[in-house]
Amino acid sequence: MKYCSSVVAFAFLAFGVAFAAVMQYDPLRITSRLQSEMEDLMQLVMKPHTLSRNVPLQVYKEMGLNPSTRLTDYRWVNCGNKSVENLLINDIKFSPDPISLPGTLTVSFSITVNVTVASQLKGVVLLEKQVAGSWIQLPCIGNIGSCTYNDICPLLNQIGVCPDSFKAANVPCKCPFNAGTYTLPGASFEIDASFLPSGDYHIRANLTHGALDGGCYDIYASFA
């Protein structure tokens, strides 16, 4: 009997705590707190960080960090199913490694397009930065970051004139992209703005073309 009484008393106590919490719930206060936490996170992420390639492996072990998160060089991987993808990256390179901004960025690639793409090219982009061995997602701010682009074609079509290096290689830089293989042996661009502070970054781009699978690609790169 005493056991039952204790259970009932505990239940009423738990209900009272929950009721009090509900009564003190303030949506504006919660929203303000979340915004403050987001700002704190962004300040942390957007600070310059030491490249993990410059951190000795022994330091990773001493700090209890996962050595597999240590990014030692630029790399990319296909994260989709090549057998059904219609936008196939055969190779893509950025140099120097690490990328120095501001500075000269050189790009080369080979891409195969299996179907003509004139519109409805959707892109879901995930952008992360490594902080203390962990990947932190950057939110979508000003159309930059972890964003969803319902149709990339209108964005590309804002490009006035394609760079001479693209035109010389017969590589289009905006829609439509006719079926075929496009190879850019190398194009260099002067990047003035240091829009990404130093650190290791991961970008995942998942592309779809209407109901068709475009492609999924992971790129890991360091900015110095």
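Everything quoted here is computed from the prediction, not taken from an experiment.
Donor-acceptor pairing under 3.5 Å is recorded for the side chains of S188 and T106. With no hydrogens or angles considered, a side-chain donor-acceptor pair links N90 and T112 at under 3.5 Å.
Atom CG of L105 sits about 10.0 Å away from atom OG of S100, to the nearest 0.5 Å. Going from atom CG of N178 over to atom OG1 of T116 covers 4.5 Å, rounded to the nearest 0.5 Å. How far OG1 of T50 is from CD of Q130: 11.5 Å, rounded to the nearest 0.5 Å. Rounded to the nearest 0.5 Å, atoms CZ (F109) and CD1 (I89) are 9.0 Å apart. For the atom pair CG of N81 and CG of D213, the computed distance is 7.5 Å after rounding to the nearest 0.5 Å. Expressed to the nearest 0.5 Å, how far CD1 of I111 lies from CD1 of I92 amounts to 6.0 Å.
Panel note: side chain H209, backbone L207; no donor-acceptor pair is recorded below 3.5 Å. Between the side chain of D151 and the main chain of L121, a donor-acceptor pair closer than 3.5 Å is present. Put simply, the side chain of Q137 never gets that close to the backbone of L127: no donor and acceptor are under 3.5 Å apart. Between the side chain of N114 and the backbone N or O of E85 there is at least one donor-acceptor pair closer than 3.5 Å. A donor-acceptor pair under 3.5 Å links the side-chain atoms of R70 to the main chain of V55, judged by distance alone.
Heavy atoms only, all atoms of each residue included: E128 and W135 are closest at OE1-CB, 3.7 Å. Contact detail for I99 and A221: the closest heavy-atom pair is CD1-CB, 4.4 Å. Nearest heavy atom pair, residue S198 against residue P48, reads OG-CB, 3.2 Å.
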Just list the side-chain donor-acceptor pairs under 3.5 Å for residues 164-174, sequence neighbours left out, or say none.
unit_1: K174; atom_1: NZ; unit_2: I159; atom_2: O; d: 2.9
unit_1: K174; atom_1: NZ; unit_2: G160; atom_2: O; d: 3.1

Q | Trace of the side chain to side chain contact (heavy atoms under 4.5 Å, CB included) decision for Y217 with N78 | A | CA-CA 5 Å; Y217 297 94; N78 186 313; 3.4 Å; yes
**Q.** T181/S110 under side chain to side chain contact (heavy atoms under 4.5 Å, CB included): CA gap, chis, key distance, verdict
**A.** CA-CA 7 Å; T181 296; S110 173; 4.0 Å; yes
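Ring centers of Y220 and Y74: at least 6.0 Å apart, outside the cut-off.
L184 and I191 fall within the same hydrophobic cluster, where Ile, Leu, Val, Met, Phe, Trp and Tyr residues are linked whenever their side-chain heavy atoms come under 4.5 Å apart, directly or through other members. The hydrophobic cluster containing I136 does not contain L65, counting ILVMFWY residues as joined when their side-chain heavy atoms lie under 4.5 angstrom apart, directly or transitively. Under a hydrophobic clustering in which Ile, Leu, Val, Met, Phe, Trp and Tyr are joined whenever their side-chain heavy atoms come within less than 4.5 Å, directly or via other members, I203 and L155 fall into the same cluster. L51 and Y60 fall into different hydrophobic clusters, where Ile, Leu, Val, Met, Phe, Trp and Tyr are joined by side-chain heavy atoms under 4.5 Å apart, directly or via other members. No continuous path of ILVMFWY side-chain contacts below 4.5 Å connects I219 to L71, so the two sit in separate hydrophobic clusters.
With sequence neighbours excluded, the residues forming a side chain to side chain donor-acceptor pair (under 3.5 Å) with N66 are S68, listed by chain and number. Under the side chain to side chain donor-acceptor pair (under 3.5 Å) criterion, S52 pairs with D200, sequence neighbours left out.
Taking a cutoff of 4.0 Å between a charged side-chain nitrogen and a carboxylate oxygen, R53 and D97 qualify as a salt bridge.
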